[in-house]
Structures are given as structure tokens and as C-alpha cells.
Amino acid sequence: MTDPHSSAAGRGDRRANRLAGEASPYLLQHAHNPVDWRPWGEEAFEEARRRDVPIFLSVGYSTCYWCHVMERESFESESIAAIMNERFVCIKVDREERPDVDEIYMAATVIMNGHGGWPMSVFLEPEKLRPFWCGTYFPAEASARTGNRPTFPQILMGISSAWKDQRKDVLAQAEQIAADVGQHLAAESRGRADVGAEQVSRAVSQLINMFDRVRGGFGQAPKFPQPVFLEYLLAVRPRATDDSTADAIDGAVRKTLDRMMTGGIHDQAGGGFHRYSVDAEWLVPHFEKMLYDNAQLLAVYAAAARYYSDNEYERAARRIVEYIDREMTRDDGAFYSAQDAEINGREGLNYLWTPDEVRAAVPAELVDFAIAAYGLDKGPNFQDPHHEDEPARNILRLADRPDRLARAMQVAPEVFRERLDAVNEALLAARAGRKQPGLDDKVITAWNAMMIAALAVAGRELGDATLTDRAERAMRAVLEH
């Protein structure tokens, strides 16, 4: 993996730490931090026991934006690293490489805080590796942006003092959290339960109640696509026994698919979907792209295209495949894991446009169409909250579905789509000349299986044997390697 976040190239005189021999792209990003990172394993555990210090466990993944922020602010700081090295044994874990470790400590983080996320920052007692204090991202310094949130150095000093002076209380808390995690994981691993018409109907009702009738999706910001909800509703729809239930399902599925498809969460120029929207409008995405999200959305859009005979959904599905083939596929047909959210420390920079940049990229006869279709004549819609001194830019979005926009612009739908495809092709070509987001080139079996299944579903739903062939090629690559 080419690492655009690590500044290793600019600090070649710094000695590599114990992560330098690892295979994970995420761990290699941290191989030249001044923190004396160790991989998860007995060597690290024994060192913590020998020194009688807590373990600081940091879990993340290579395309995680806030992981990069915490690295730049804290793990690249010589002074903060000195505290970490003196008072803790520090372990880095790639959550995609060790989902078993991530699951246990994420459960502890959620139990302790009510929410989780990455980077995950957990402090463990060294004997039994029980967590006694958990969090996620912490800033290196106090600022207006972070409010009253404690800084990472404050946390490090506080945890170290508690370990030395309040050991009994710390171990009691570790014992309680471990018990809670055990109960949580046991509840999740219970056996199968009977599911009948009553349970199916109740689940539909709950999803319809969660549905955002104004903007689509389920719940409020940040808004995730939740493809499993849409897949469930599509599966139940043919069995709806009354018109009101059928209409409610259609409304929830179609509005959600429409708003995601036209919003900034959809990479309008290149196809595929970003991970989630930070707002309720599907406008401003968290710009990383994950294989598993696009696999699930491919299957959902293909199924909806067939069920509703909707050409726009088919177009969205096929553009996911084009994106995956172009940017996320290994030579043997297997699939990479993810693309990063940021470039040069700026989130989404590769995907942002000014009207002048669009005018320079698009053929002259399509400039007016491009500006109108993507609403660039209405002013910028994105200001980087972390770099407010930079100019505001535009995230590409459509005000409505292409077929409805065509009517509003008094253009035949097929002509509108032809022009939009030409605009997107020109924008994508211009974007290819920019610095590209980092690629996590791990091939994860489970995520590949999701995309293989999605391609098979899409091949069936769209009647396209080439998609099925594509699935078989990827399956052979995974089985062979």
C-alpha cells in the first residue's frame, strides 16, 4: 500500500519501531512513529507484566480518517510518545486483520461510553488483558473544536497515576467491565430463534417508524446507508398483505435509494458510494470507500432495479461495478479492501470541485449543462471544518433523479443521461490527474465473499451473465490464494 498519511519519507532518519516487519498496511503506517509500538502478542503482554505498567491498545484501520488525525496530533509527537513509552506498553491492532480482538474491546468501549468508533483507545491491565478504561479519538491539545474533551496527554497521565495509586479500584473496574463484556458477547452468540409472521411484521413496523420521510434513510445524522434494512424491506414487499403496508415499504425503499443515489454520498463522477453521510441530507460524506458497503449496495440497487423496473437503479448498480473494476480489483480478479478519505491531510480533497475546475475539465458544449445539473451555480456546499482558512468547494450532487431532472430541464431522459455520462467521464479523467486517495490493498476473504455474492445477485436481477462471470473469476482468485 502506498501510504499518503505517514510522513515516513520525511523522517527517514527515525528508527523504525516493531511494526516495521508487519504485513498490515495500517500497522506499517505507524512503523516510523516515535511511539514504541508493538504488534498484538505475547511479547508485548510479557513486557507489560515485567514492567508492571498498563497496556495502551490502539485499534484502527488504514483508511480511517480520525485514525490519521490522532496519528498526526499525538503519535507523531515526540513529547506525547515519550509519555506513552515511559508509562505504558503500546500495542497497535488493525481491526480488519484481527476482528476478534476488535470485537471484544469494541464491546467494552460501547458498554463504557454508549458508543464506539475508531480509532479505539483502550487501557488494559497486563495480567488478563481486561480493559479498565476505553475511548476513541482524543485531541492532543484543547481547542474550541474539541470543547471540554480531555486531551490525550491528560488521559495518559491520569491513567498512569490511577494505576500507581488506585490499583485496587482500577482492577475492580477491569473485573466489572470484563463481566459486562462476557454477558454481551454471550447474548450475541445465542442460538437460533423462531421467526414467523408476527416477528416479520413487527420488524417492518419498526423500520417504517425509523424511516426519515423527508430525507430518506433510517435515523438522523450521521446517516448510514443501512443496506440490510433495504434488503429486508425488498424481500418482504411481495408478501405485503395490505396496500398501506406495501405503500409504506415502497416509500421507504424508493426515497432512500433516490436520495442516496443523487446525494454527495454517491461518487457522482466515478461511481460507487462513500461510507456514510455526516449530515441528514446525504450531502457531505465521510469520504472513505469500503468494499463491503459497495457490495451490499450493489445487491440492493440491482434487486430494486428489477422489482421496480427502474433504469436509474440499474444505472447506479452498474456504476458500482465500473468503480470496483477500475479501482478496487487486483489483477487476478480479487478485490481490495478500502480507499482512504483524505489526501494531504484534507478529507475528501480528491472529490471536491470549484466551478472553474469543472469548466476546465468539461467540453465547452457541456459546461452549462454540468453547472446546472450539479447545482454549481448555487454556490459552494462544503467548507472543511478542520481547515476553515481554505476556500469553500462543491461536493457533486444532483437535485433530483436524472429522469425527473431531465423533465425539469426540458431534455429527453436518454439525452440527459448521455450528457451526464459525458460530463462524468470528463470529470473522472481530470480527477485522475490529481493525487489519489490511499488504497488498502488487503484482500479480506469475508469482504470478497460479499462482493462475489453481490455480483451474482446483480447478474441474476439484471439478466447479465458477464456479472456472474465476474463473480466466478473473483471466487477462483480467493479459493486459489
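Predicted model only: the values in this text are computed from it and were never measured.
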- Message: Run I343 and R434 through side-chain contact (heavy atoms from CB on, under 4.5 Å) and show every step you take.
- Response: CA-CA 10 Å; I343 293 170; R434 299 176 175 180; over 6 Å; no

- Euclidean distance, M290 CE relative to L297 CG, rounded to 0.5 Å: 13.0 Å

- Note on the structure: The residue among F287, F224, Y65 that forms ring pair (Phe, Tyr, Trp, His ring centres under 6.0 Å) with H274 is F287

- Side-chain heavy-atom pair M120, C134 within 4.5 angstrom cut-off: no

- Task: Would you indicate whether Q383, at its atom CD, is surrounded by more than 12 heavy atoms from other residues, nucleotides or ligands within a distance under 6.0 Å?
- Result: yes

- Query: Below 4.0 angstrom, N of the basic side chain to O of the carboxylate: do K289 and E327 qualify?
  - Reply: no

- Message: Salt bridge or not between E314 and R318? Use side-chain N to carboxylate O under 4.0 Å.
- Response: yes

- Task: Measure the acute angle between the ring planes of F56 and F123, then classify it against the limits of 30° and 60° as parallel, tilted or perpendicular.
- Result: tilted

- Which pairs, with at least one residue in residues 220-236 and sequence neighbours excluded, count as a side-chain hydrogen bond (donor to acceptor under 3.5 Å, both in side chains)? D212-K223, R215-Q220

- Take D403 and R417 through the test side-chain contact (heavy atoms from CB on, under 4.5 Å) and record every step on the way to the result. CA-CA 8 Å; D403 50 0; R417 293 189 193 97; 3.9 Å; yes

- Note on the structure: Those residues at least two apart in sequence (or on a different chain) that pass side chain to side chain donor-acceptor pair (under 3.5 Å) with W133 are none

- Salt bridge flag under 4.0 Å for residues R315 and D421: yes

- Message: Can you confirm if the aromatic rings of F382 and Y351 lie within a centre distance of less than 6.0 Å?
- Response: no

- Item | Validation row, ring centre F369 to ring centre F416 under 6.0 Å | yes

- The residue among V59, V93, I104 that forms side chain to side chain contact (heavy atoms under 4.5 Å, CB included) with R98 is V93

- Query: Charged N to carboxylate O under 4.0 angstrom, E71 versus K92?
  - Reply: no

- Note on the structure: For F335, the ring-ring contact (aromatic ring centres under 6.0 Å, His included) test, sequence neighbours excluded, returns none

- Note on the structure: dist T245:OG1 -> R239:CZ (nearest 0.5 Å) comes out at 14.5 Å

- side-chain hydrogen bond (donor to acceptor under 3.5 Å, both in side chains) contacts in which one or both residues fall within residues 103-123, not counting sequence neighbours: D102-W118

- How would you list, by chain and number, every residue that makes a ring-ring contact (aromatic ring centres under 6.0 Å, His included) with Y374, sequence neighbours excluded? none

Donor-acceptor pairs under 3.5 Å, side chain of residues 473-481 to any protein atom, not counting sequence neighbours: which ones?
from	atom 1	to	atom 2	distance (Å)
R473	NH2	D331	O	2.6

